[in-house]
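Below is one structure, written out as structure tokens; comments come after it.
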Amino acid sequence: MSVYDHAAIEARWQAWWLEHKTFKSEVDPTRPKFYVLDMFPYPSGDGLHVGHPEGYTATDILSRWKRMQGFNVLHPMGWDAFGLPAERHAVRTGQHPAEITSRNCDNFRRQIQSLGLSYDWDREFSTTDPDYVRWTQWIFLQLYKKGLAYPAEVAVNWCPALGTVLANEEVKDGRYVETGDPVEKRRMRQWMLKITAYAERLLVDLDDVDWPEGIKTMQREWIGRSEGAEVRFNVADGDSDFTVFTTRPDTLFGATYCVLAPEHSLVSRIVSADCRPAVEAYVQAAQAKSDVDRADTAREKTGVFTGAYAVNPVDGRKLPIWVADYVLGGYGSGAIMAVPGHDQRDWDFATAMGLPIVEVVSGGDVLKAAFTDNEDGVLVNSGLLDGLKVPQAKARIIQWLQERDLGKGVVNYKLRDWLFSRQRYWGEPFPLLMDKDGSVHAVPEKDLPVQLPVLDNYKPTEDGRPPLARAEEWCRVTDPHSGEVLFRETNTMPQWAGSCWYYLRFCDPRNQNEAWSTEAERYWMPVDLYVGGAEHAVLHLLYARFWHKVLFDLGLVHTREPFQRLFNQGMILAESYRDPRGKYLKRSEVEREGKGWKVASTGEAVEAQIEKMSKSRLNVVNPDDMVRQYGADAMRLYEMFMGPLDRDKPWTEEGIRGCHNFLRRVWTLFTEREGEGLSQRISSAPATPEQLALVHRSIKAVSQDLEEMKFNTGIARLMEFVNEVMKQPELPREVAESFLLLLAPFAPHLAEELWTLLGHGDSLAYESWPAWDEAHCRVSSLEVAVQVNGKVRATLQVDAGLDDAAVLALALAHEKVTPWLEGKSLRFSKRVAPGVVSLAVG
RNA sequence: GCCGAAGUGGCGGAAUGGUAGACGCGGCAGACUCAAAAUCUGUUGUCCGCAAGGACGUGGGGGUUCAAGUCCCCCCUUCGGUACCA
């Protein structure tokens with residue numbers, strides 16, 4: 001008997017697939033398409049860890065399965081290769097980021113190919129390829145021409161540690177989400193994309209995609225639509241006014257003061273002389289306050305009176321105007337009317353400052369807390385609104401305001417425009433030129449791509465301008481027509497740019513004349529299944545949807561949404577070990593001691609915990625090691641066998657060993673005999689009814705599990721099949737072949753090898769997926785459990801053809817059942833399922 | 001605080017309202033072996049019992065049902081997301 005030599009088998013088939021371009025796909029209108037896409041990786045210098053291939057394996061299994069079902073499968077892979085790590089490396093070493101990137105891509109490709117993933121490698125590209133950058137810039141120009149890209153002097157999130165600005169979405173609690181570096185506010189001229197123009201469609205079209213509800217909810221909350229009204233307030237004894245946004249215009253009679261955000265432009269104009277020092281101090285302090293501090297909702301509310309009053313448009317009452325930082329400058333109009341009776345924040349503020357609280361919606365006790373019910377509450381103390389319920393009162397007052405031109409119903413969004421420029425080197429240059437007056441000129445499309453200049457230093461300039469400003473020659477361009485000297489934009493695009501449209505380029509990646517052909521886009525799009533981590537729930541997925549909608553409006557794509565179905569795989573976790581001082585230890589430095597762990601060299605007790613894999617925790621598992629020891633097929637199998645794809649799961653080496661054992665059992669099943677070749681167990685005899693039942697049930701179960709992406713239970717079915725046939729002396733050829741086809745998507749190398757051993761000359765990649773026949777799934781006899789008052793008291797073996805009445809009679813007469821019925825009256829008796837009889841006595 | 005997901009053996013996990021724990025890991029026993037490893041076979045929720053068998057058991061508490069891990073109500077814990085958005 002030969003041994004299962006996974007290394008040789010896997011090398012042979014990987015070479016065969018590459019050489020024969022087995023997984024090359026082309027537009028073919030005669031066949032149905034299936035576009036299955038992985039979120040492409042940033043090729044870091046560390047290479048893959050075993051978390052990456054989880055999603056890749058799942059999509060690969062589906063790709064292989066869909067091919068066997070006759071689909072024309074588009075399954076591409078590429079590299080999201082612009083980004084900061086390569087740039088930092090370049091700053092340190094002086095090497096060009098492109099060199100580093102290209103090395104990393106080679107490594108990622110090697111690792112991915114070593115897993116036998118069936119990508120169409122003819123479609124591979126990197127977002128940093130000039131050929132790709134050209135079209136990224138081209139799309140940017142389309143946005144620019146539509147007025148969706150504009151420069152603005154804005155308060156930005158400046159990260160001193162990185163020397164660049166960040167998008168709102170990249171900052172949380174005043175820190176950069178990736179590194180935790182603090183972020184501060186600065187005013188700078190930046191390029192913005194008008195994503196807010198698409199807020200409503202980005203929200204509404206979520207209804208039409210098959211995404212996890214959680215992700216949809218996160219996007220909806222990020223967009224943050226709220227319906228309300230804008231109301232204009234005049235400042236008493238002056239000629240200025242300001243507008244507030246409120247979702248509760250019905251409570252207008254309950255407003256007892258107004259608040260302006262510290263940033264509000266009106267503050268300095270209306271402040272009274274005696275209040276001015278206090279207000280100016282407060283505004284300054286608010287500006288100096290870090291985002292971390294301002295984001296702290298638990299802290300006491302603060303604010304100062306301006307000395308000015310606003311006039312409530314509904315009743316002419318004078319309301320004091322305050323400045324407080326609980327009102328945000330960037331949302332709505334940066335000003336509110338405060339209704340402490342019915343808004344908890346206003347209530348807190350009013351209580352702290354001794355401002356009056358008035359009840360205008362009955363149902364609560366506004367002395368104790370704000371009453372915020374907005375459905376059944378009835379308006380009081382509100383003139384024309386008295387007696388109305390909240391929804392009716394809202395409609396009524398909006399109408400009243402509109403008739404008098406004092407306000408109007410509006411919809412507001414939390415979503416802000418997308419800050420789209422970065423002060424970095426390793427990104428796409430903007431295809432834009434500035435003249436002396438500061439007017440912007442688009443680079444003609446024929447001159448794209450605008451390539452990055454070569455620099456000898458990738459740091460920002462001494463005076464804080466982006467690295468591209470170092471390339472003085474590159475920056476100066478002479479207009480061929482006017483002879484005028486123009487200056488290039490020295491900001492670059494954020495890393496999100498490249499990933500906003502790569503799924504479209506994959507449809508037609510070698511097109512030299514356009515970003516993609518209509519033919520390819522119409523055939524392949526939309527992406528039928530998109531698999532990746534949930535960490536991109538808002539950022540990438542919102543940005544890509546935005547670009548896609550712009551492209552849709554331009555007639556360049558034919559679907560409203562790019563990703564029809566989205567699936568988020570869970571995280572792969574791993575055990576990590578810390579000594580009593582909290583220092584992390586490698587797996588090789590610790591050993592088992594009873595139920596716990598100890599340091600191998602010193603015997604000191606060690607704390608073990610399951611955590612996210614990371615370099616700093618010393619618990620990263622490298623797929624190269626796993627492939628070497630157990631093989632790519634075992635690696636793939638284990639990634640899927642660990643548990644449901646969407647859950648977080650801990651990696652254990654025992655687990656992958658188990659999957660390796662299973663594959664070795666399969667190998668043994670087919671090859672066990674003296675010498676080489678096929679096992680004598682494989683027979684030409686026809687399958688018995690029992691064998692047919694086994695194989696047809698397996699086909700059915702595996703097919704249904706694949707349909708639902710339940711890979712773990714699908715693999716369990718394959719294991720059950722092998723456990724069963726291992727007990728039998730013969731394995732009919734037809735049964736063996738069906739099994740190999742079921743195994744093929746999961747463990748393709750071994751399946752190919754054994755397929756060949758059975759005498760087939762070609763790859764099984766395009767063999768038909770086996771079909772099951774319900775008639776064969778049936779068995780001649782089955783077990784029936786008999787429950788008495790919900791507890792199983794007996795099981796009987798009955799002929800499958802027996803009718804319910806007969807089975808019931810057998811159950812009632814069974815010797816283990818009768819004692820439970822004695823002296824009781826039968827209240828319920830029924831065969832409630834093929835395998836269950838339920839009896840109730842009392 | 002709010003939104004979302006999840007709590008099942010020693011571990012990863014399985015289970016259209018119908019025999020809880022499939023499948024795998026780990027453990028135990030046996031076969032093979034001079035021996036070990038590998039492999040194969042059996043066994044393995046907990047408690048009581050020699051056994052037959054019984055009781056208990058899916059985070060906790062109620063409820064619906066002939067029947068609840070699954071459906072309903074309340075609560076606890078963990079993990080993600082979000083946070084003064086008027």
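Residue numbers begin at 1 in each chain, while the letters A, B, ... track the order of the sequences.
What separates CE of A:M640 from C1' of B:rC23 is a distance of 16 Å, to the nearest Å. Rounded to an integer number of Å, the gap from NZ of A:K791 to C1' of B:rA68 is 12 Å. As a whole-Å value, the separation of A:M726 CE from B:rU39 P is 11 Å. Protein atom CH2 of A:W667 is 20 Å distant from nucleotide atom C1' of B:rC40, rounded to whole Å. Between the CD atom of A:E221 and the C1' atom of B:rG81 there is a distance of 8 Å, rounded to whole Å. Taking atom CE of A:M218 as the reference point, atom P of B:rG81 lies 7 Å away to the nearest angstrom.
A gap of 14 Å separates the P atoms of B:rA67 and B:rA20, to the nearest Å. Separation of the C1' atoms belonging to B:rC76 and B:rG59 is 7 Å when rounded to the nearest angstrom. Separating the C1' atom of B:rG26 from that of B:rG10 is a span of 8 Å, rounded to the nearest Å. Here, B:rC84 and B:rC74 have their P atoms 28 Å apart, quoted to the whole Å. Remark: the separation of the C1' atoms in B:rU64 and B:rU70 is 13 Å, to the nearest Å. Across B:rA29 and B:rA36, the matching P atoms stand 13 Å from one another, rounded to whole Å. Using atom C1' as the reference point in both B:rG24 and B:rC32, the two lie 25 Å apart (nearest Å). Going from the P atom of B:rC23 to that of B:rA15 covers 13 Å, rounded to whole Å.
Looking at the side chain of A:A716, the nearest of the listed nucleotides B:rC23, B:rG13, B:rU41 is B:rC23. Comparing B:rA22, B:rA55, B:rA86 by their nearest atom to the side chain of A:W820 picks out B:rA55. You'll find that the side chain of A:D343 is closest to B:rA86, out of B:rC23, B:rA86, B:rA14. Comparing B:rC66, B:rG24, B:rA14 against the side chain of A:P644 picks out B:rA14 as the nearest. The nucleotide whose nearest atom lies closest to any side-chain atom of A:A840 is, among B:rC23, B:rC66, B:rA86, B:rC66.
Taking the six-membered ring for Trp and the full ring otherwise, A:H660 and A:Y4 have centroids separated by under 6.0 Å. Aromatic ring centres of A:F349 and A:Y257: separated by under 6.0 Å.
The side chain of A:N412 places no N or O atom within less than 4.0 Å of a non-bridging phosphate oxygen (OP1 or OP2) of B:rA86. Contact annotation: A:K414 does not reach the phosphate of B:rU82 (side-chain N/O to OP1 or OP2, under 4.0 Å). Within the structure, a side-chain polar atom (N or O) of A:R664 is placed less than 4.0 Å from OP1 or OP2 of B:rU39.
Geometrically, A:R545 engages A:W211 in a cation-pi contact, judged by NZ or CZ lying under 6.0 Å from the ring centre and within 45° of the ring axis.
Ring pair A:Y543/A:W418 is parallel by interplanar angle, where below 30° counts as parallel and above 60° as perpendicular.
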So what is the 5' to 3' dot-bracket string for RNA chain B, if pairs are Watson-Crick or G-U wobble with both distances under 3.5 Å, crossing pairs use [ ] and | means the partner sits on another strand? (((((((..(((.....[....)))((((((.......))))))((((....))))..(((((..]....))))))))))))....

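When all heavy atoms are compared, the tightest approach of A:S703 to A:W772 is CB-CZ3, 3.7 Å.
A:H696 is linked by a ring pair (Phe, Tyr, Trp, His ring centres under 6.0 Å) to A:H776, counting only residues two or more places apart in sequence or in another chain.
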Please tabulate the protein-to-nucleotide N/O contacts below 3.5 Å involving nucleotides 16-20 of chain B, giving atom names and distances.
{"unit_1": "B:rG18", "atom_1": "N2", "unit_2": "A:Q787", "atom_2": "OE1", "d": "3.1"}
{"unit_1": "B:rG18", "atom_1": "N2", "unit_2": "A:S838", "atom_2": "OG", "d": "3.1"}
{"unit_1": "B:rU19", "atom_1": "N3", "unit_2": "A:E783", "atom_2": "OE1", "d": "3.2"}
{"unit_1": "B:rU19", "atom_1": "O4", "unit_2": "A:E783", "atom_2": "OE1", "d": "2.7"}

